[in-house]
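Counting starts at 1 for both ligands and their atoms, in listed order. Any value given below was found using the heavy atoms of this structure, including those in side chains, with hydrogens, waters and symmetry copies removed. For reference, positions follow the sequence shown, starting with 1.
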Amino acid sequence: LEEGARCRLLLVRHQLEQDIKPSYLMDHMISDGVITVDEEERIRTYSTRRDQAAALLELLLRKDNRAYISFYNALVKETYEDLASLLQRDLPRISTKTRNSTSDVPSLNVQTVLSEGGVPQRPVVFVSRTELVNRVRDNLYRLLKEPGWITIFGMAGSGKSVLAAEAVRDHGLIEDCFPGGVHWLSIGQVDKPDLLVKIQSLCFRLEQSLDSQSLHRPPNSLDEAKERLRFLMLRKYPKSLLILDDIWDSAVLKAFDIHCRILLTTRNRTLTDSVSGAKYEVEVESGLDDNKSLEILALYTNTKLQGLPEEARSIVRECKGSPLVVSLIGALLREKPNRWRYYLIQLQQKQFKRIRKSSSYDYDALDQAMAASLEVLPEEHQELYKDFTVIEKDVKIPAKVLSVLWDLEPEEVEDILEEFVNKSLLFVDNHSKTNLYYLHDLQLDFLVEQNRTELESLHAKVVRQYQQHYRDGPPTSRDEESLYWFRYLTYHMAKANLSQELYSLMFSLDWVSIKAEILGPAHLINDYVEFATILDKENSDVRSQFQDFLSMNGHQLEQRPFPDVVQLALSQPQTSEVYRQALQKAQGRASSG
Ligand code: ADP
């Protein structure tokens with residue numbers, strides 16, 4: 001038993017002896033396997049309840065951390081909340097022994113569990129924030145016996161996601177608390193249709209790993225998605241952990257209020273106020289402390305801590321503890337190890353003066369570091385990097401989208417992306433079959449700010465490149481690349497002010513049909529709502545005819561095998577544009593036999 005827990009137990013021993021009913025508690029402890037039936041019997045030989053209680057505590061003091069936790073949980077279950085809360089503060093982490101031997105090299109098994117669940121790997125250069133990681137793990141152990149919420153909150157870029165991923169990289173923890181697995185879901189700033197798509201994909205992932213043959217219809221509303229997820233988490237994946245990364249809105253959490261075990265990261269502390277269940281929180285107060293930041297620089301430049309030049313400390317101070325900024329500078333120094341002074345001066349320049357009310361976070365350092373990193377890229381690559389400006393936040397894209405966007409061979413794209421990744425300008429998620437690339441939110445803020453005047457033309461470039469590449473019709477596969485286009489093409493058109501393009505796409509039964517097949521109708525309906533003002537300038541009747549068609553047939557369009565859209569459309573009123581296009585197609589079919 002670790003020292004803190006032991007002291008705590010000795011301290012409150014008297015109170016416990018007075019109140020507890022050992023026989024009930026021992027039942028729980030036996031079923032947790034922390035005491036044996038023999039031990040129980042020996043305790044029962046004492047005649048009074050109080051003596052039995054004393055003997056149980058005596059036994060507990062000789063046991064390990066697991067027993068202490070089991071005892072704690074038993075108190076909670078037997079509604080001795082007050083007593084339990086006395087013990088809570090020193091609740092130990094159980095897996096000290098397994099952790100020491102495995103924390104650095106997770107065993108294959110845990111790695112598989114995490115990778116199947118989509119938990120991101122460590123960044124290339126990584127320093128461990130032991131104290132914080134342990135705080136998160138301690139809280140995760142509290143979910144051993146009952147569901148609940150753990151919130152990691154802190155500023156943007158303070159390392160919350162990396163911390164969440166690191167906390168579950170622990171053999172003992174997974175084995176003890178989450179044998180059902182760990183499932184990662186990046187959320188970000190989403191609206192309802194996007195959230196639905198995210199939960200759909202999570203359900204799909206969970207169902208696939210149970211039975212790759214299963215062909216469930218995707219849930220088509222948030223309520224249905226919530227029920228599906230509830231069923232999966234409670235029945236099929238009991239004792240598993242769901243990690244929700246970067247939540248902005250408490251409305252999002254409602255969809256996950258299903259009595260399961262959740263770890264979430266957010267910038268907003270009060271998010272879980274509106275959901276039910278046990279709640280715990282860990283604050284990532286500031287960024288890295290100076291020594292950790294120095295460690296990152298040392299790792300990047302392959303030097304010993306003591307061997308760092310004197311500028312290192314000043315650089316770290318300018319980075320204000322932001323692991324993101326330190327990583328950008330570290331990556332620069334790796335390539336130009338004699339530029340410590342130079343980058344220090346760059347960081348100290350205050351060329352970006354932006355007013356951002358949203359947070360007290362110091363963005364200057366990030367802006368300077370981003371500018372410095374971009375500066376060392378060849379000019380053509382600087383131009384290419386600019387294209388990320390118009391990718392929506394929290395969206396991860398496959399290299400193939402960039403290959404279309406840049407009109408380059410996949411191999412060339414790969415090389416360029418590797419360069420960006422090495423400079424910490426870009427991050428890669430390589431869980432699925434295809435690598436997916438993304439920027440940190442703050443990096444996107446920087447790009448948007450910097451390219452403010454070019455946004456429209458950058459969006460237009462995306463549309464043009466798509467049109468060029470898919471001259472003969474939209475993609476027909478269901479890979480990540482096609483998904484991107486189906487999801488975001490209309491968004492780019494709208495942002496590029498390409499209204500004409502937007503009408504011809506969205507007023508076309510072909511597009512509607514293929515998008516509904518690939519993404520489901522919810523997303524499409526949302527497009528008509530979101531772009532209503534633009535579409536209505538062309539023809540508000542046609543816009544509502546398409547929207548009506550989708551709302552009326554939403555249920556059918558969810559079915560698999562996918563229904564014949566022309567047939568469905570033929571039952572629209574004859575005055576509808578949807579009907580007109582369907583009729584044309586039906587006649588075309590008839591004449592071609
Ligand atoms: P947040 O989720 O708080 O916005 P992230 O966890 O995404 O922040 O971290 C931002 C970046 O900072 C990461 O992409 C990584 O480059 C760097 N970083 C964060 N934590 C660490 C760490 N422990 N060691 C090294 N780099 C880190």
Side-chain angles (χ1 to χ4, degrees), residues 103-104 118-137 150-169 184-189 243-248 263-269 271 281-301 305 315-316 319-334 358-363 365-366 369-370 373 388 393-396 420-430 436-446:
S103 67
D104 287 333
V119 179
Q121 308 83 334
R122 284 178 179 168
V124 191
V125 164
F126 167 82
V127 294
S128 63
R129 303 164 86 175
T130 320
E131 204 250 338
L132 268 177
V133 170
N134 284 341
R135 280 226 302 273
V136 179
R137 285 184 184 158
I150 294 167
T151 303
I152 300 181
F153 71 95
M155 296 175 304
S158 56
K160 300 181 294 295
S161 313
V162 170
L163 177 63
E166 192 57 19
V168 292
R169 210 165 281 129
W184 184 282
L185 196 60
S186 309
I187 304 281
Q189 265 178 304
I243 304 184
L244 303 176
D245 188 30
D246 199 18
I247 304 268
W248 285 69
L263 171 65
L264 62 108
T265 75
T266 179
R267 305 172 195 187
N268 176 355
R269 179 175 210 158
L271 223 48
E281 58 179 39
V282 175
E283 179 174 7
V284 185
E285 294 111 6
S286 52
L288 299 172
D289 60 39
D290 286 2
N291 285 331
K292 288 287 165 203
S293 300
L294 286 171
E295 208 179 314
I296 294 188
L297 292 180
L299 284 167
Y300 266 112
T301 53
L305 264 180
I315 288 188
V316 159
C319 294
K320 310 233 164 55
S322 161
L324 185 58
V325 180
V326 183
S327 301
L328 284 163
I329 299 294
L332 286 169
L333 285 164
R334 175 168 57 193
S358 60
S359 124
S360 58
Y361 188 70
D362 184 301
Y363 292 90
L366 178 79
M370 283 294 288
S373 300
F388 286 112
K393 275 191 178 174
D394 307 302
V395 174
K396 298 182 177 175
F420 293 160
V421 170
N422 282 336
K423 295 212 153 48
S424 299
L425 284 168
L426 187 69
F427 299 94
V428 53
D429 171 348
N430 48 13
L436 298 173
Y437 296 88
Y438 60 98
L439 273 66
H440 193 277
D441 280 15
L442 295 177
Q443 294 176 310
L444 271 173
D445 286 347
F446 171 83

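- Among protein heavy atoms, atom 24 (N) of ligand 1 sits closest to Val127 N, 3.0 Å.
- The protein heavy-atom contact nearest to atom 13 (C) of ligand 1 is Val162 CG2, 4.1 Å.
- For Asp289, there are no salt bridge (Lys or Arg N to Asp or Glu O under 4.0 Å) partners at least two apart in sequence or on another chain.
- For Ser327, the closest heavy-atom approach to ligand 1 falls below 4.0 Å.
- A donor-acceptor pair is defined here as one N or O able to donate and one able to accept, closer than 3.5 Å; such a pair exists between the side chain of Lys160 and the backbone of Gly154.
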Working note: Asp246 + Gln189, criterion side chain to side chain contact (heavy atoms under 4.5 Å, CB included); need CA distance, chi angles, decisive distance, verdict. CA-CA 8 Å; Asp246 199 18; Gln189 265 178 304; over 6 Å; no

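- An N or O contact shorter than 3.5 Å links Gly157 to ligand 1 by distance.
- Ligand 1 has no nitrogen or oxygen under 3.5 angstrom from a nitrogen or oxygen of Leu288.
- A donor-acceptor pair is defined here as one N or O able to donate and one able to accept, closer than 3.5 Å; no such pair exists between the side chain of Glu283 and the backbone of Arg269.
- Every atom of ligand 1 with a heavy atom of Met155 under 4.0 Å away is listed here by number and element: 3 (O).
- At least one N or O atom of Lys160, backbone or side chain, sits closer than 3.5 Å to an N or O atom of ligand 1.
- The nearest heavy-atom contact from the protein to atom 18 (N) of ligand 1 is Pro323 CB, 3.3 Å.
- For Asn422 (side chain) and Ala331 (main-chain N/O), no donor-acceptor pair under 3.5 Å exists by modelled atom type.
- For atom 7 (O) of ligand 1, the closest non-hydrogen atom of the protein is His440 CD2, 3.6 Å.
- Annotation: atom 8 (O) of ligand 1 to nearest protein heavy atom, Gly159 N, 3.1 Å.
- Scanning the protein heavy atoms around atom 25 (C) of ligand 1, the nearest turns out to be Val125 O, 3.2 Å.
- Look at Lys393 and Asp445 and you find a salt bridge, because one of the NZ, NE, NH1 or NH2 atoms lies within 4.0 Å of a carboxylate O, short of that distance.
- In this structure, atom 2 (O) of ligand 1 lies nearest to the protein heavy atom Ser161 OG, 2.6 Å.
- Residue contacts with ligand 1 do not include Gly154, since none of its heavy atoms lies under 4.0 Å from the ligand.
- Two residues are said to be in side-chain contact when any heavy atoms from C-beta on lie closer than 4.5 Å; Leu264 and Ile187 fail this criterion.
- Donor-acceptor pairing under 3.5 Å is recorded for the side chains of Thr265 and Asp245.
- Considering only heavy atoms from C-beta on, Phe126 comes within 4.5 Å of Glu166 through its side chain.
- Of all atoms in ligand 1, numbered sequentially from 1 with element shown, those under 4.0 Å from a heavy atom of Ile296 are 25 (C), 26 (N).
- The shortest contact between atom 11 (C) of ligand 1 and any protein heavy atom is with Leu324 CD1, 3.8 Å.
- Across all non-hydrogen atoms, the minimal contact from Leu288 to Ser293 is CB-OG, 3.5 Å.
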